[in-house]
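Reminder, nothing fancy here: chain letters follow the sequence lines and each chain counts from 1. Remember, predicted model here, so these are calculated numbers, not experimental data. Atoms considered below: every heavy atom in the structure, side chains included; atoms not considered: hydrogens, waters and symmetry mates.
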2 protein chains.
Amino acid sequence: MSNIRDVAKEAGVSVATVSRALSDPEKVSQASLNKVHAAIERVGYRPNMLARSFRSAKSYAVVVLVPDITNPFFSQVIRSIEDRAQQKGYAVLLGDTRGLPEREKEYIRRVETRMADGVIQLRPDQPGNPTVMPSDVKCVNVCGCESTTGPRVRIDNRGAARSVVEYLISLGHKRIGVISGLKDNPHTIDRLAGYSEALEAAGLEFDPALIAEGDYTTWSGLNSAKQFCHMDNRPSAVMCMNDEMAIGAIQTFKTHGLKVPENISVTGFDDISYARYCDPNLTTVAQPAEEMGKLAMDMLLRLIEGQELAQQENVLPAEFVIRKSTTVPGNK
Amino acid sequence: MSNIRDVAKEAGVSVATVSRALSDPEKVSQASLNKVHAAIERVGYRPNMLARSFRSAKSYAVVVLVPDITNPFFSQVIRSIEDRAQQKGYAVLLGDTRGLPEREKEYIRRVETRMADGVIQLRPDQPGNPTVMPSDVKCVNVCGCESTTGPRVRIDNRGAARSVVEYLISLGHKRIGVISGLKDNPHTIDRLAGYSEALEAAGLEFDPALIAEGDYTTWSGLNSAKQFCHMDNRPSAVMCMNDEMAIGAIQTFKTHGLKVPENISVTGFDDISYARYCDPNLTTVAQPAEEMGKLAMDMLLRLIEGQELAQQENVLPAEFVIRKSTTVPGNK
DNA sequence: TTGTAAGCGTTATCAC
DNA sequence: GTGATAACGCTTACAA
């Protein structure tokens, strides 16, 4: 493999000139520039980025920490991060942690060992399982919650959940069930707060029996929904805290002979791509995944370049999308 | 930041010993080992991987090229690749090409410029849009086809499609439609070949009117299915070349008042997670995504380490999963 | 505008 | 087993 010295020799200039021609062409005469480029072509030179990164102590890579890349919402955000990173000349190191703190640590270590310049984390901080982020590691959180600290971009989960419930109430629903994530998950906490607020504003009572706990998987939605089917005083609508659980819940309701939405309305959260193709098409909250990923990457870049952040927190608007899985309360 | 010299000084040994203690502990006495580790602890040393990679001319990273990370099948394969890479001490650089040759090139360039040691490519080679892979770039293809060259792991697409059609024929179906991918896509070619083979073996005639072209998106499945709804002699079953198109097709059939599977059977391909939750649960071909990713990574590792491959091609078994979207032909 | 040369932090090659 | 030291390919003062 040819190196910068070979190019210099071939072009009849010094290595410094070649280096400058590549990274700071302004500082080089047109004549030298031409010679250098011709020489690069002739010897088939490819700059060694490892050497460049090493020398300049910047890896031009960022780690994306995600609990599960197969989650369709996460993968949308990641695609957007990757797109922005590519535009800016950065590489994305994929860090699928599977929710394991030790794997998270291994990836954070990659920035401590200079393989990456920073971290974008795609999850809310769990109380029992907090991320240990060394203070010198640049990090921005995306998809977090009200309790998330540090630079972050998120939506107003509480407000979005409140909108959902307000809409259901406006349709005439009085008993509104919830399929939540795990109780101590910050998303669950924020969205449940929004649910309670809407209820209270409408003068409706909060009934703990109406809260079924899931864990954001389709399977858990499918299971949790069962407890509503056999209830004496069944809710006429169920707000699910993500689309996967909503899809599972709908399946359960159907197998129990309940029609969605005629017998029971169902809403989701996230607006994953299947939301518009499932039966019935899902009423849900669309998170601006594209925008969130892009903004998070831009924030991290600013951090890496040592600039100040205009604001630590960016709360982006979520859109409530009404489709076919909700209607006025009907026959039980 | 402390470096290897600081550790050496602190431990009272040479830098060479520190280096050896870290990368080849066998060659160092227990006494030195202890001194070194204690010193590392005291000075808070983190080895500079950029320097290590630079010096040893190995980046310990691989690029994963994928047309679209949000495709649930691809993301499953990638998760498995990442898992294996992590186990082996390699990082995964995400290369979402969005099907753009120029982005593909940029990522391949990363291995030419030493930022990565090799490439795993997740797509079949397109005739009009072939990947230009320099001969010195180690690469293994996963999810390819019969026409794919170079080291590769794939399933027998033709055989799998034949199994699907044979099953439909065994149920009594005589007119079997297809929603295919783009005509020149190698997956389409292989799967269509399997379809034809099964028809021929059963003495059924191939009718071009029964082939609707899509492009592997849900939306295209939704659209292509329409042409079957209005047909005089409607097929009693439709084989879709992936799950997304099957889901789209089912939606179209339903809105046209056709019951699936009572009026029309539908099959998919891939077994994405949603296949078991859509209505009706989808009969489909399960690709061993996990195994494919792992094997591809292992092959690439062997290539990077300069070892011979036991075989250039690994064809893994696919499993035909019968669910609720297929039944015997019924009323039109 | 250009060239010379000193590193960057590590590993590898020698001696000892 | 260990230590001195020369690379690795590049960037960047500093000098010309």
Fill in: Between the first and last five pairs of the helix from dT1(C)-dA16(D) to dC16(C)-dG1(D), the angle of the axes, rounded to 10 degrees
30°
Worksheet item: Would D68(A) and R79(B) pass as an ion pair if we require N to O under 4.0 Å?
Response: yes
Fill in: Side-chain heavy-atom pair L122(A), I81(A) within 4.5 angstrom cut-off
yes
Practice prompt. Could you tell me whether the side chain of I304(B) reaches within less than 4.5 Å of the side chain of V62(B), counting heavy atoms only?
Written response: yes
Response to the item:
Nt span of DNA chain D in reach of chain B heavy atoms at under 4.0 Å, 5' end first, is dG1(D) to dG9(D)
Item to complete: Could you check if a side-chain atom of K88(A) sits within less than 4.5 angstrom of a side-chain atom of D298(A), using non-hydrogen atoms only?
Response: yes
Worksheet item: Is it true that a side-chain atom of H37(B) and a backbone atom of A21(B) form a donor plus acceptor pair closer than 3.5 Å?
Response: no
Item to complete: Give a yes or no on whether the backbone of I69(B) and the side-chain of D96(B) come within a donor-acceptor separation of less than 3.5 Å.
Response: yes
Discussion item. Can you tell me which residue among M297(A), M292(A), E313(A), K294(A) is in a side-chain contact (heavy atoms from CB on, under 4.5 Å) with V153(A)?
Written reply: M292(A)
Worksheet entry | Side chains of R109(B) and R46(A) in contact at under 4.5 Å (non-hydrogen atoms) | yes
Fill in: CA sep, side-chain torsions, deciding dist, call: R123(B), T131(B), side-chain hydrogen bond (donor to acceptor under 3.5 Å, both in side chains)
CA-CA 10 Å; R123(B) 73 152 183 141; T131(B) 303; 2.9 Å; yes
Worksheet item: At under 4.0 Å between heavy atoms, what does S32(A) touch on the DNA or RNA strands: base, sugar-phosphate, or nothing?
Response: sugar-phosphate
Worksheet item: Counting distance only, does the side-chain N/O of S19(A) pair as donor-acceptor with the main-chain N or O of V15(A) below 3.5 Å?
Response: no
Practice prompt. Spell out protein contact along nucleotides 7-16 of chain C as letters: B when the base is contacted, S when just the sugar-phosphate is, - when no protein heavy atom is under 4.0 Å; keep the 5' to 3' order.
Written response: BBBBBB----
